[in-house]
Amino acid sequence: MNARGFALVAVLWVITAMTALTGAGMLVARLGSATTRNRVLLTRAEWAREACGEILQARFAHDPTIRDLGRIDLGRGTWCSASLEDPAAKVNLNTADRDVLARLFQVVGLPRTLADSVITQRRQGTIYDLRQVRGVDATLAGRLAPFVTTRGIGVLNVNAAPREVLRLLPGATEESVALIQSRRTSRPLQSTDELAGTLSPASRAILLRNYSEFARTAVFAPPQLIVSLEGAVRDTPIVARATLTVVPVPGRLAVIRRETD
């Protein structure tokens, strides 16, 4: 009876072990299947993202003023989106001097002393996110987002910058700011000399006194653009993103930097 009992227990343990192994095998198989499926979905999302890059290139060649493709249905459950941003339309936190930053913060109703926090952060290294600056939380970052950037080469595009930023240009007056904005809808200005020639004598004199500094700071077309690309598969949480720094050249956008999420 002892031998029979021992054999029965052994058989039960073998059955239990086989059941556990079978369950573990099924779990591994399910995990492997889910991993494979996610990889396939991510690949499809990446293809969709790259498709939007090609679509953007084609549309930019036709219309260099395009800035947003919106959401595009690519079929077979995939979609993508693309947008272009001109960093020269904003003040670069990594290059602007303290006085410019202080004046900007004052214009948008913030303490001028915030400029000191920016300068302190810059001494520690490049600012990649506005929220790196001490005293700037998510709410304040959202408030400043239309006026500041951490990208670009530090010049200001007079044909794209908002009024608050245009006022910071050396030699800018309310007349010159209003003129620049009014010309955007008809025939945008092409040079500092053209701007000076259309101003009243008083505003022209102020601009000419600051001519060299204005010409060094201002541009009339974007030297760089930032492209944001997204691709995804509908009804899944998987999204493939990329950020490109591009230089506009005749008929296309030349990529000089690529950052992929």
Side-chain angles (χ1 to χ4, degrees), residues 41-92 145-166 169 177-195 197-198 215 217-234 236 238-261:
L41 291 173
L42 179 59
T43 299
R44 293 182 65 196
E46 290 171 343
W47 288 347
R49 177 193 66 201
E50 299 308 308
C52 246
E54 295 300 319
I55 294 170
L56 179 63
Q57 283 277 12
R59 295 193 182 179
F60 182 86
H62 178 70
D63 178 12
T65 65
I66 191 168
R67 290 295 179 266
D68 192 349
L69 294 185
R71 184 162 167 167
I72 300 174
D73 187 346
L74 298 173
R76 302 194 65 181
T78 60
W79 62 266
C80 71
S81 65
S83 63
L84 280 166
E85 180 185 2
D86 180 3
K90 303 177 181 181
V91 174
N92 189 322
F147 312 109
V148 299
T149 183
T150 60
R151 296 179 179 270
I153 59 175
V155 295
L156 294 176
N157 183 357
V158 301
N159 287 316
R163 177 180 292 272
E164 292 83 353
V165 173
L166 291 175
L169 286 166
V177 169
L179 175 64
I180 290 169
Q181 291 192 303
S182 67
R183 287 286 297 270
R184 290 177 183 173
T185 57
S186 55
R187 189 174 66 84
L189 294 163
Q190 301 298 311
S191 69
T192 304
D193 291 340
E194 183 182 359
L195 172 61
T198 56
T217 305
V219 294
F220 294 82
Q224 292 183 354
L225 292 168
I226 305 300
V227 179
S228 298
L229 299 174
E230 282 190 345
V233 180
R234 192 179 300 114
T236 73
I238 296 176
V239 180
R241 297 183 177 89
T243 301
L244 313 179
T245 302
V246 301
V247 174
V249 296
R252 67 187 184 92
L253 298 166
V255 180
I256 61 173
R257 184 180 181 186
R258 181 184 180 92
E259 304 162 68
T260 305
D261 289 356

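Throughout, numbering of the chain's residues begins at 1 and tracks the sequence.
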(request) Give, for atom OG of Ser81 and atom CZ of Arg71, the distance between the pair rounded to the nearest 0.5 Å. (result) 8.0 Å
(message) Determine whether a donor-acceptor pair (N or O, by modelled atom type, separation under 3.5 Å) exists between the side chain of Arg183 and the backbone of Arg187.
(response) yes
(message) Testing the basics here: between Pro248 and Pro223, what is the closest heavy-atom pair and its distance to 0.1 Å?
(response) CD-O, 3.7 Å
(message) Tell me whether the count of non-hydrogen atoms from other residues, nucleotides or ligands lying under 6.0 Å of CZ in Arg258 goes above 12.
(response) yes
(request) Mark yes or no for whether Gln224, through its side chain, and Pro222, through its backbone, hold a donor-acceptor pair below 3.5 Å. (result) no
(request) Carefully, step by step, assess Leu195 and Leu179 under the rule side-chain contact (heavy atoms from CB on, under 4.5 Å). (result) CA-CA 8 Å; Leu195 172 61; Leu179 175 64; 3.9 Å; yes
(message) How long is the straight-line distance from CG of Leu41 back to OG1 of Thr78, given to the nearest 0.5 Å?
(response) 11.0 Å
(request) Would you name the heavy atoms of Ala48 and Trp79 that are closest together and state the gap between them? (result) CB-O, 3.6 Å
(request) Return the set of residues passing side chain to side chain contact (heavy atoms under 4.5 Å, CB included) with Thr149 (not counting sequence neighbours), or none when no residue passes. (result) Pro87, Lys90, Asn92, Arg151
(message) Has Arg184 got a side-chain atom pairing as donor or acceptor with Val158's backbone, closer than 3.5 angstrom?
(response) yes
(message) Looking at every heavy atom in both Leu229 and Ala82, which two are closest together, and how far apart are they?
(response) CD2-CB, 3.5 Å
(message) Quick one, Trp47 and Leu74 - any side-chain contact, counting heavy atoms below 4.5 Å?
(response) no
(message) Does this structure show an ion pair linking Arg67 with Asp86, if we count only N-O contacts that are shorter than 4.0 Å?
(response) no
(message) Distance check, rounded to the nearest 0.5 Å: Ile180 atom CD1 versus Leu166 atom CG?
(response) 5.0 Å
(request) Hey, could you give me the CD1/OG1 distance between Ile226 and Thr243, rounded to the nearest 0.5 Å? (result) 8.0 Å
(request) Flag the pair Asp73 / Arg234 as yes when at least one side-chain heavy-atom distance between them is below 4.5 Å, and no otherwise. (result) yes
(message) Using only atom types and a distance under 3.5 Å, with no angle test, would you say the side chain of Gln57 pairs donor to acceptor with the backbone of Leu253?
(response) yes
(request) Using a 4.5 Å cut-off on heavy atoms from C-beta on, say whether the side chain of Leu56 contacts that of Leu84. (result) yes
(request) Hey, could you give me the CZ/OG1 distance between Arg241 and Thr260, rounded to the nearest 0.5 Å? (result) 12.5 Å
(message) Given 3.5 Å as the limit, does a donor-acceptor pair link the side chain of Asn159 with the main chain of Leu189, or not?
(response) yes
(request) Indicate the atoms forming the closest heavy-atom contact of Gln181 with Pro162, along with that distance. (result) NE2-C, 4.3 Å
